[in-house]
Amino acid sequence: AQSTDHSSTDGWRTPTMIAFLTHLFLVALLFTGPASSERENSPPRKDVVAFVNVSVIPMDSERVLENQTVIVRGDRILVIGPTEEVSIPENAVLIDGAGKFLIPGLAEMHGHIPPPSSPDSEIERVLFLYVANGITTVRGMLGYPSQLELRERAKRGEILSPTLYLAGPSFNGNTVSSPAQAERRVRDQFAQGWDLLKIHPGLTRAEYDAVANTAKEVGIRFGGHVPVDVGLAHAIEMNQQTFDHLDGYVEHLEGDKGPVDESRLEEIVERTKAADAWVVPTMVLWETILGVADLDAMRAFPELRYVPSSTVESWINAFNNRVNKPGYDAGAAMNIAAARMRVLKALNDGGVRILMGTDAPQQFSVPGFSLHREIVRMIEAGMTPYEVLKSGTFNVGWYFEDKDEFGTIEVGKRADMILVDGNPLEDIRNVARRSGVMVRGRWLPETEIQERLDEIAASLGN
């Protein structure tokens with residue numbers, strides 16, 4: 001992982017400090033196990049696919065369109081209409097949608113991709129785990145040199161992958177030592193073609209401002225963490241676009257000490273909304289890092305069979321070492337976790353735009369599978385099923401509207417969809433009841449998904 005300044009001068013304390021100290025290190029652990037035997041390529045995509053007699057949840061509003069036929073040609077949605085009114089091309093592959101629901105593909109807006117130095121089979125494994133769970137878009141938040149070619153290969157359909165939007169190598173206390181260097185680094189990453197800039201702790205306010213001002217000048221997004229020398233209020237003023245992990249909010253509200261001050265919470269929510277900022281909560285992972293999650297329950301996650309056993313063991317050791325470390329404050333950790341839940345509800349209720357993200361791969365956060373746990377936690381924080389789905393579909397298409405058209409089921413949009421066996425607007429857990437996934441027009445039935453997952457588990461000896 002990228003090196004980051006974790007010195008005491010950055011002002012982090014007790015559970016919050018412990019959380020971030022492990023964050024970047026653990027990102028790399030999933031990439032250190034044996035290579036999987038994932039196939040090099042998916043079978044060729046059929047040019048025309050028709051979902052027939054399906055209920056469509058387009059996510060342009062909270063509604064269900066019943067008895068629809070959706071026709072896909074190439075990587076675009078070509079036709080949507082009542083089944084009795086739509087003429088299906090003779091060469092189309094027919095998918096029976098009776099009793100099923102078609103929703104847009106979901107997004108991982110704080111994800112990670114193995115570095116180019118990883119074996120091809122390892123990169124393919126991680127990308128497939130995303131796709132297998134209906135994640136058809138990933139915003140990679142820790143870039144590596146030469147990783148942009150992977151983004152282009154995914155876009156061309158040469159590998160089975162979500163569409164990738166990638167942050168460049170991190171801006172932090174070890175990679176930036178002056179405002180002038182920060183400015184040069186922004187210009188370099190913009191010229192190289194990265195989609196956004198990633199902010200980590202350790203930047204001085206002057207260095208941060210140089211990043212923000214230069215990013216605005218050249219026209220590139222920036223987001224991620226809030227350096228302590230900067231603070232949440234100033235980061236909002238400087239138009240940081242995304243605040244990942246709710247970073248800065250608990251510190252601003254002193255949530256480690258107990259229930260947050262509601263008037264201060266209301267004020268910072270209003271400032272966030274007025275700045276048109278976005279928030280990526282990553283609730284489940286950060287409860288794990290804080291040490292308030294149930295270790296026994298996490299050790300029983302069935303998706304751990306798709307992770308090298310050595311990596312799982314390192315996750316267990318990291319968790320135990322953290323909560324048993326002298327100075328660990330369990331009470332403060334619980335306060336922070338509770339404050340995060342309150343902050344997410346307040347941000348959502350206040351109209352701040354939420355983006356779905358889980359920070360996978362990370363400890364006990366397996367790509368794709370982590371999303372199913374995250375969406376349940378978002379419901380528990382007070383969001384509705386529609387609001388949760390919107391954070392991973394419509395909102396993501398809105399965020400990336402300058403890149404492509406996707407995030408809803410509409411004619412002309414990118415053909416990223418999930419066919420599920422129950423209505424997720426009634427029960428969010430129905431997102432996991434898949435009949436198949438379509439990514440950029442390529443249809444993967446659930447039987448094929450499960451076959452590939454079994455191959456991955458077998459290759460890892462699980």
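This is a predicted model, so every value here is computed, not measured.
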For the pair Lys198 (side chain) and Met141 (backbone), establish whether a donor and an acceptor sit closer than 3.5 Å, ignoring hydrogens and angles. yes
Is Lys273 salt-bridged to Asp276, going by a charged N under 4.0 Å from an acidic O? no
Correct closest heavy-atom pair for Pro281 and Arg340 would be O-NH2, 2.8 Å
Give me the atom names and distance for the closest heavy-atom approach of Asn430 to Asn423. ND2-O, 2.9 Å
Indicate, with yes or no, if the rings of Phe364 and Phe319 have centres closer together than 6.0 Å. no
Taking the six-membered ring of Phe171 as reference, does the NZ or CZ atom of Arg185 fall below 6.0 Å from its centre and within a 45° cone about the axis? yes
Taking the side chain as C-beta and beyond, is there a heavy-atom pair between His112 and Pro367 under 4.5 Å? no
Report yes if some heavy atom in the side chain of Glu303 is under 4.5 Å from a heavy atom in the side chain of Arg373; otherwise report no. yes
Is the backbone N or O of Ala337 less than 3.5 Å from a side-chain atom of Glu287, with the two atoms forming a donor-acceptor pair by type? no
Take Arg125 and Glu122, measure what salt bridge (Lys or Arg N to Asp or Glu O under 4.0 Å) needs, and give me the verdict at the end. CA-CA 5 Å; Arg125 176 174 73 92; Glu122 176 66 10; 2.6 Å; yes
Short N-O contact, Arg139 and Asp244, less than 4.0 angstrom: yes
Rounded distance (nearest 0.5 Å) linking atom CG of Asp188 with atom CD of Glu183: 10.5 Å
For Thr288 versus Arg322, what's the shortest heavy-atom pair and its separation? O-NH2, 3.2 Å
Any heavy-atom pair between the side chains of Glu124 and Leu160 that's under 4.5 Å? no
May I ask you to decide if Thr204's main-chain N or O and Glu207's side chain share a donor-acceptor pair within less than 3.5 Å? yes
Does NZ in Lys216 sit with more than 12 non-hydrogen atoms of other residues, nucleotides or ligands closer than 6.0 Å? no
What residues, two or more places apart in sequence or in another chain, satisfy ring pair (Phe, Tyr, Trp, His ring centres under 6.0 Å) together with Tyr386? none
State, yes or no, whether a side-chain contact exists between Val226 and Gln240 at a heavy-atom distance under 4.5 Å. yes
Where is the tightest heavy-atom contact between Pro58 and Pro104, given as atom of each residue plus distance? O-CG, 3.9 Å
Note, Leu253 side chain near Asp261 side chain (heavy atom, < 4.5 Å): no
Is the shortest heavy-atom distance from the side chain of Ile354 to the side chain of Glu387 under 4.5 Å? no
Within this structure, what is the CZ-CE distance for the pair Arg414 and Met438, rounded to the nearest 0.5 Å? 13.0 Å
Other residues, nucleotides, ligands: >12 heavy atoms within 6.0 Å of Met334 CE: no
State, with a plain yes or no, whether a side-chain heavy atom of Pro162 is found less than 4.5 Å away from one of Thr137. no
Is atom CZ of Arg264 surrounded by more than 12 heavy atoms (other residues, nucleotides or ligands) closer than 6.0 Å? yes
With a 4.5 Å heavy-atom cut-off, do Met298 and Ile316 have their side chains touching? no
Does Arg221 pair with Asp402 as a salt bridge, N-O distance under 4.0 Å? yes
Heavy atoms only: give me the nearest Ala212-Phe222 pair and the separation to one decimal. CB-CZ, 3.6 Å
Test salt bridge (Lys or Arg N to Asp or Glu O under 4.0 Å) on Glu446 and Arg434 and set out the steps. CA-CA 7 Å; Glu446 188 64 17; Arg434 295 181 309 274; 2.9 Å; yes
Does Asp195 come within less than 4.0 Å of Lys403, counting only side-chain N to carboxylate O? yes
Considering all heavy atoms, the nearest Gly105-Ile418 contact: CA-CG1, 4.0 Å
Centroid separation under 6.0 Å, is that true for the rings of Phe243 and Trp278? no
Has Arg353 got its NZ or CZ under 6.0 Å from the middle of the six-membered ring of Phe394, at an angle within 45 degrees of the ring axis? no
Can you check whether Asn213's main-chain N or O pairs, donor with acceptor, with Glu217's side chain at less than 3.5 Å? no
For the rings on Phe400 and Tyr165, is their centre-to-centre separation under 6.0 Å? yes
